[in-house]
Amino acid sequence: MDNCSVFIIDDEGITTLQLEHALEGVGDITTSTNSYEAVALLEKVKPDILILDLEMPKVSGFDILETIQKKPSLANIRTIVITSHSAPAIEERALSLGAIDFISKPLNLILCRIRIENHIKIIIQEKALLQAQTELFTEKEHLRITLDSIADAVISTDINANIEYMNPVAQRLTGWSETAAKGRHIKEVMQLADATTKVSSINPLVVALNENRPVAMALNTQLTSKQGIIHRVEDSAAPILDKNKNQCGAVMVFQDVSETFAMSLQMTYLSHHDQLTALPNRVLLHDRITQSIARASYKKTKVTLMLLDLDKFKFINDALGHHIGDEIIAHIGHSLDRFACNDVTVARVGGDEFALVIPHSANSLSLEPLVNEVLNVISKPFRSGGEQHILTASLGISVYPDDASSVEEMLRHADSAMYKAKNEPANSYFYFSDELQIEMNRRLEVGNILRKALEENDLELHYQPKYDLNNDSLIGVESLVRLKDGQGGFISPVHFIEYAEEAGLIFRLGEQVLEKSCIAAKKWLDKGLPIKVAVNVSAKQFTDTKLVGTVAEILERTQLPSRYLELEVTESALIESFEYTVSQLKLISEMGVSIALDDFGTGYSSLSYLRLFPLDVLKIDQSFVRDMNDDVQALNIVTTIIDLACTLNLQIVAEGIETKGQQDRLRALGCQMGQGYLLSKPLNCGKFEELIMSSKVEQVTCS
Ligand code: C2E
Ligand code: CA
Ligand code: CA
């Protein structure tokens with residue numbers, strides 16, 4: 001019973017002494033016999049219990065009681081009065097002035113102590129109660145401040161889902177003040193609906209109460225506030241249980257996800273659309289084809305996929321700059337967008353490739369008019385960068401379920417068909433077909449044979465001699481690669497060079513051909529037959545930064561003097577990345593290797609750039625040689641090329657000479673050298689060696 005203080009005021013010193021003695025140990029005891037100064041002391045001590053004598057001179061116990069009553073600071077003092085009067089009026093007066101108990105004189109000290117002890121017990125309980133109340137209040141306040149300041153909306157209800165509390169966020173989102181909402185059913189305050197269908201949805205808090213479990217809000221939920229403002233919301237509700245695990249209400253926590261939702265919409269849009277044209281991209285295209293196939297399979301209809309690739313776009317892009325390239329792509333995207341209606345998707349697949357997905361409403365949709373319209377739209381002239389452009393495209397078509405049964409297959413087939421169209425005149429289109437499938441299979445097969453041959457260093461070279469047209473002497477040889485077909489025959493490079501380029505095998509192929517060619521030329525040289533060997537180098541090989549090093553290394557390894565080696569390159573190699581290729585060719589030329597420009601006349605032949613290359617030889621393409629005696633234009637081209645070579649001081653070789661007439665005409669035009677079936681077909685190594693051995697030694701010269 002510590003912590004309690006007792007103050008005794010009695011003018012009789014003996015009484016205070018007796019009491020002090022009797023109460024020893026019940027608390028801190030202070031005494032006073034002077035009622036005059038007692039009030040001031042009371043203020044100071046603020047005892048829990050005051051034992052007050054009523055009969056005192058000057059300031060009586062009643063006076064003190066009155067003073068205590070008037071002073072709020074002393075309101076908590078429990079006053080027990082002592083008196084020798086037993087008249088009820090006295091007792092009544094004292095009690096009405098705030099005294100709580102009465103002890104009569106003469107004092108029974110034992111009873112006195114018990115009474116005081118009881119009072120002290122009550123005081124301690126009261127103090128504990130007050131403390132608990134204060135703590136509870138603080139905790140409640142703390143909770144309230146927390147809930148008021150969190151970013152989530154919180155609503156709590158009673159067991160009937162009637163609102164008891166709403167934090168400010170909840171008030172803002174619902175548009176209801178807490179006061180207005182209190183006691184109302186949650187359904188009335190939170191208007192929830194499915195964001196897509198707008199059908200109102202059941203409040204998760206009600207479900208949480210009904211099923212006595214936490215419930216998450218359905219995805220895609222919207223909340224309409226009292227003022228009609230719509231928010232996308234997300235979150236959950238849970239029942240509140242008392243300490244006996246009985247439901248006593250429910251709480252709902254939710255968030256405004258409108259912004260996040262808008263951002264995720266924007267992100268979905270960005271990840272599904274191409275920035276330049278705003279058309280769907282490859283990802284969305286894939287999705288749309290999947291959906292169209294699903295629908296078509298259900299309705300027993302068809303879906304067409306058109307893949308469209310602009311012709312020569314890379315050239316335009318490099319020549320005119322990416323800025324114009326972008327403008328062109330944007331223009332085409334915009335032009336094609338007009339087809340995007342009635343379930344038709346127009347997408348940009350990448351670079352200069354576009355796609356159209358066309359679900360057929362009826363089985364018998366005729367695609368021809370649409371295809372022609374698409375090609376027409378693309379080839380409409382338009383201006384950009386102060387110039388007029390006319391574009392063409394190649395188009396590949398795959399139809400579900402005719403030739404493909406899945407998205408991947410459709411894409412692959414349309415791509416193969418487009419690839420096929422690329423090799424046709426501009427603005428061609430191709431349907432995927434069985435023949436194309438056979439061709440694709442053949443490609444794959446050839447690819448496998450090529451890989452194996454490369455692995456085993458088993459490529460074969462054939463050699464086609466080049467002759468001086470004036471005296472028929474052999475002046476060099478072109479090595480032409482052959483792939484053994486496994487049945488004693490050969491596969492022509494026209495069937496695998498392109499594949500090798502696409503599959504990245506051209507580098508190994510080029511290296512092996514170069515090495516074999518140099519070994520052969522060195523062998524002939526050692527036999528006293530100095531023959532210059534010309535090796536074809538594909539444009540793709542110039543993308544290999546190691547090309548120059550490889551050439552040098554092979555010359556070193558085979559010990560072939562560089563003047564016995566010539567590289568035949570096509571104009572496409574020069575166009576790809578102009579400056580870099582020039583620098584590489586210069587390095588090769590400085591080694592002493594000569595450089596021939598192959599298939600001349602079929603590319604972008606222009607005087608201005610020819611001057612910039614370290615060229616030694618121009619090879620007139622065989623198509624002009626073939627036609628020169630029947631076609632004036634071809635003849636004109638041949639004449640011009642020969643004049644050009646003369647002007648630039650280049651040697652000239654005509655290839656594909658098949659007739660005496662062609663040879664005579666070429667000789668007459670001043671063409672020094674020739675190559676062709678008339679003179680010799682490409683020969684295997686043995687046959688070629690027989691040929692050179694039997695040739696008069698002086699005929700085998702080196703240019
Ligand atoms: P190309 O460099 O224009 O080679 C000439 C092609 O014409 C050879 O075909 C040759 O056999 C053929 N030919 C020669 N004379 C006549 C003729 O009088 N009439 C006709 N109609 N054709 C004739 P081939 O060997 O099938 O080579 C085709 C192309 O493959 C070559 O054209 C060349 O571009 C490429 N190629 C050949 N070997 C290699 C190589 O080792 N590396 C690379 N990168 N390409 C090669
Ligand atoms: Ca060639
Ligand atoms: Ca050629």
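Remember, it's 1-based here, ligands and their atoms both numbered in the order they're listed. Positions are given from 1, in the same order as the sequence printed here.
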Please list, one pair per line, the donor and acceptor atoms closer than 3.5 Å that link side chains of residues 635-646 to other protein atoms, with sequence neighbours excluded.
from, atom 1, to, atom 2, distance (Å)
Thr639, OG1, Leu635, O, 2.7
Thr640, OG1, Asn636, O, 2.6

Would Pro493 count as being in polar contact with ligand 1, using the rule that some N or O on each side must be under 3.5 angstrom apart? no
Is the distance between the ring centroids of His462 and Phe490 under 6.0 Å? yes
Is any N or O atom of Gln464, backbone or side chain, closer than 3.5 Å to an N or O atom of ligand 1? yes
Enumerated ligand 1 atoms positioned under 4.0 Å from heavy atoms of Pro682: 11 (O)
Under 3.0 Å from the Ca ion (ligand 2) - does any N, O or S atom of Asp598 fall there? yes
Results of ring-ring contact (aromatic ring centres under 6.0 Å, His included) for Phe339 - residues two or more places apart only: none
Of all the N, O or S atoms in Glu478, the one nearest to the Ca ion (ligand 2) is OE2
Atom CD of Glu515 and atom CZ of Arg557: how far apart are they, to the nearest 0.5 Å? 4.0 Å
Quick check: does Glu568 put an N/O/S atom under 3.0 Å from the Ca ion (ligand 2)? yes
Quick check against the 3.5 Å criterion: does Asp468 have a side-chain atom that pairs as donor or acceptor with the backbone of Asp472? no
Quick check: does Ser492 get an N/O under 3.5 Å from an N/O on ligand 1? yes
